[in-house]
Amino acid sequence: MPRINILNSSIYNRISAGEVVENPAAVVKELVENSIDAKATMISIEVKGGGIKEISVNDNGCGIEYDDLSVAFLPHSTSKISSVEDLDSIETLGFRGEALTSIAAVAMVTLRSKTKNSETGGLIEINGGKIEQHRPEASPDGTYITVRNLFYNTPARAKFLRSQKREETEIRNIISRIILANPTVSIKYNVDGKNVFYSTGKNLESAFAAVYGINELNKYYAVHSKRQGISVYGYISMPEENKPNKTYQTSIVNGRYVISPLISSAVQNAYGDTVMKRTFPAYVLFIDTDSRFIDVNVHPRKLDIKFSDSNNVFSVIMKAVSDALYGKIAFSNTDLNSERVDKTNESNTIVKSGVSGNSFNSLFSN
């Protein structure tokens, strides 16, 4: 029987990277979520060659102290949590301390960062997990990170990458969800020097328009409901505007974009027979609840989620969407500014027939 070996860091870091860094879109997601956790109000993303050649993410967030630059790339290093109790009420998008380590293990990474209170910033370069440079360097406040030649040292993983166009399409899908989930953050996304998305960070309406176009707003109804400590708000499509797949379904729980069959099923049930067979409602729904009642520590990708009381969450979402659809019947489709507040309903659901610029701003703007 072969002897049991203890793997060295160069091996186990690449193994861990395989769980976190599946493709360029996963890299973009992790880096942008770091920017959001750093309280950035402006984020710029640019990719080249489908994200395989290069990914750059720049932000005006809190930055990283010079002495912490190398620590940030160590396995399980994070500023998001500090004790096991923190796992019971996670308030940040990142928390596992795996992203930077995993990315640096399979790519060439350059990171520049400066905190607002520092006189100068710092630079660190890491290739395949090995630090090549770490020195002070002038830098604007915030963090500027570039990832080049993804999977250059892991050909087994690189051969499973798709075409540059398909990889970029997945990045685009992720960025669109991030824009919708963070409507008060200004986000720019460029592909090979061409602008794809620009969200001003004004409010949810402007974020929706940045992703889908301003004319799409009039094909959706707004819902804003709160009951049993759970807030449900956002946009749901008119039944006649439903889609042939679930691509246009965006679920955001406590500010985190997630893929949730429970939420999708609750919305589908609310529509009932108003949708044709093999079609699906389109929506952008925010679900806000006590962080103690959800578990996002399900998978390294952090796209899955569990609710401690899934039956109650299902019921609350279904009722909120049903109320919005019912409200649509009470008003003419030509009256885009109409609003109904049902004072007798314990959920105090606000329903709007259609969506119109100024009237909707007050509902979701900060």
Under the rule for side-chain hydrogen bond (donor to acceptor under 3.5 Å, both in side chains), what residues qualify as partners of [X], not counting sequence neighbours?
{"X": "Asn127", "result": "none"}
{"X": "Asp68", "result": "none"}
{"X": "Ser113", "result": "Thr143"}
{"X": "Ser176", "result": "none"}

Practice problem: Check for a donor-acceptor pair, side chain of Thr274 on one end and backbone N or O of Tyr271 on the other, with a separation under 3.5 Å. | Solution: yes
Heavy atoms only: give me the nearest [X]-[Y] pair and the separation to one decimal.
{"X": "Val196", "Y": "Asn190", "answer": "N-OD1, 4.3 Å"}
{"X": "Ile131", "Y": "Ser70", "answer": "CD1-CB, 4.0 Å"}
{"X": "Ile236", "Y": "Ala324", "answer": "CD1-CB, 3.5 Å"}
{"X": "Leu204", "Y": "Gly234", "answer": "CD2-CA, 4.4 Å"}
{"X": "Tyr152", "Y": "Gly128", "answer": "OH-N, 3.2 Å"}
{"X": "Ala270", "Y": "Ser322", "answer": "CB-OG, 3.5 Å"}

Drop me the distance from [X]'s [atom1] to [Y]'s [atom2], to the nearest 0.5 angstrom.
{"X": "Glu54", "Y": "Ile52", "atom1": "CD", "atom2": "CD1", "result": "13.0 Å"}
{"X": "Tyr221", "Y": "Asp323", "atom1": "OH", "atom2": "CG", "result": "14.5 Å"}
{"X": "Asn153", "Y": "Phe151", "atom1": "CG", "atom2": "CZ", "result": "9.5 Å"}
{"X": "Leu100", "Y": "Ile145", "atom1": "CG", "atom2": "CD1", "result": "5.5 Å"}
{"X": "Ile45", "Y": "Ile55", "atom1": "CD1", "atom2": "CD1", "result": "10.5 Å"}
{"X": "Asn254", "Y": "Ile294", "atom1": "CG", "atom2": "CD1", "result": "4.0 Å"}

So, [X] and [Y]: side-chain donor and acceptor under 3.5 Å apart, yes or no?
{"X": "Asn245", "Y": "Thr247", "answer": "yes"}
{"X": "Asn242", "Y": "Ser237", "answer": "yes"}
{"X": "Asp288", "Y": "Ser231", "answer": "no"}

Between [X] and [Y], does any side-chain N to carboxylate O distance fall below 4.0 Å?
{"X": "Lys29", "Y": "Glu33", "result": "yes"}
{"X": "Glu168", "Y": "Lys165", "result": "no"}
{"X": "Asp192", "Y": "Lys194", "result": "no"}

Can you find a heavy atom in the side chain of [X] that is under 4.5 Å from one in the side chain of [Y]?
{"X": "Ile43", "Y": "Lys188", "result": "no"}
{"X": "Arg278", "Y": "Pro244", "result": "no"}
{"X": "Val253", "Y": "Phe307", "result": "yes"}
{"X": "Asp67", "Y": "Val71", "result": "no"}
{"X": "Thr146", "Y": "Val57", "result": "no"}
{"X": "Ile178", "Y": "Ile36", "result": "yes"}
{"X": "Pro24", "Y": "Val28", "result": "no"}
{"X": "Ile317", "Y": "Lys319", "result": "no"}

Report the residues that fulfil side-chain contact (heavy atoms from CB on, under 4.5 Å) with [X], sequence neighbours left out, ordered by chain and then residue number.
{"X": "Glu125", "value": "Thr110, Leu123, Glu132, Gln133"}
{"X": "Phe280", "value": "Lys246, Gln249, Gln268"}
{"X": "Ser186", "value": "Met42, Tyr198"}
{"X": "Thr250", "value": "Arg177, Leu180, Tyr212, Ile252, Tyr257, Val284"}

Practice problem: Count the heavy atoms belonging to other residues, nucleotides or ligands that lie under 6.0 Å from NZ of Lys39, then report whether that count exceeds 12. | Solution: no
Quiz item: More than 12 non-hydrogen atoms from neighbouring residues, nucleotides or ligands closer than 6.0 Å to OH on Tyr248, yes or no?
Solution: no
Quiz item: In terms of hydrophobic clustering (I, L, V, M, F, W, Y; side-chain heavy atoms under 4.5 Å; direct or indirect links), are Met108 and Val147 co-clustered?
Solution: no
Quiz item: Is there a path of hydrophobic side-chain contacts, each under 4.5 Å between heavy atoms of I, L, V, M, F, W or Y residues, that connects Phe73 with Tyr144?
Solution: no
Exercise. Taking salt bridge (charged side-chain N to carboxylate O under 4.0 Å, His left out) as the test, write out the residues that go with Glu167, two or more places apart.
Key: Arg162
Exercise. Give the intermediate values and the outcome of side-chain hydrogen bond (donor to acceptor under 3.5 Å, both in side chains) for residues Ser315 and Asn312.
Key: CA-CA 5 Å; Ser315 176; Asn312 182 52; 5.5 Å; no
Quiz item: Which of these passes side chain to side chain contact (heavy atoms under 4.5 Å, CB included) with Tyr189: Asn195, Val32, Ile171?
Solution: Ile171
Quiz item: What residues, two or more places apart in sequence or in another chain, satisfy ring-ring contact (aromatic ring centres under 6.0 Å, His included) together with Tyr66?
Solution: His134
Quiz prompt | ring-ring contact (aromatic ring centres under 6.0 Å, His included) against Phe286, all qualifying residues, sequence neighbours excluded | solution = Tyr233
Quiz item: What do the steps show when you test Asp309 against Phe293 for side chain to side chain contact (heavy atoms under 4.5 Å, CB included), and what is the final call?
Solution: CA-CA 7 Å; Asp309 189 352; Phe293 303 147; over 6 Å; no
Quiz item: Please walk me through it: do Thr101 and Ile103 pass side chain to side chain contact (heavy atoms under 4.5 Å, CB included)?
Solution: CA-CA 6 Å; Thr101 304; Ile103 294 167; over 6 Å; no
Quiz prompt | Ring-ring centroid check Phe208 Tyr235, cutoff 6.0 Å | solution = yes
Quiz item: How far apart are the C-alpha atoms of Asn182 and Ile179, what are their side-chain angles, what is the distance that settles it, and do they pass the side chain to side chain contact (heavy atoms under 4.5 Å, CB included) test?
Solution: CA-CA 5 Å; Asn182 300 275; Ile179 289 173; over 6 Å; no
Self-check item: Thr41 vs Val185, side chain to side chain contact (heavy atoms under 4.5 Å, CB included): CA-CA, chis, key distance, verdict
Solution: CA-CA 5 Å; Thr41 59; Val185 179; 5.6 Å; no
Self-check item: Pair listing, salt bridge (charged side-chain N to carboxylate O under 4.0 Å, His left out) test, anchored in residues 103-123, at least two apart
Solution: Arg112-Glu137, Lys114-Asp141
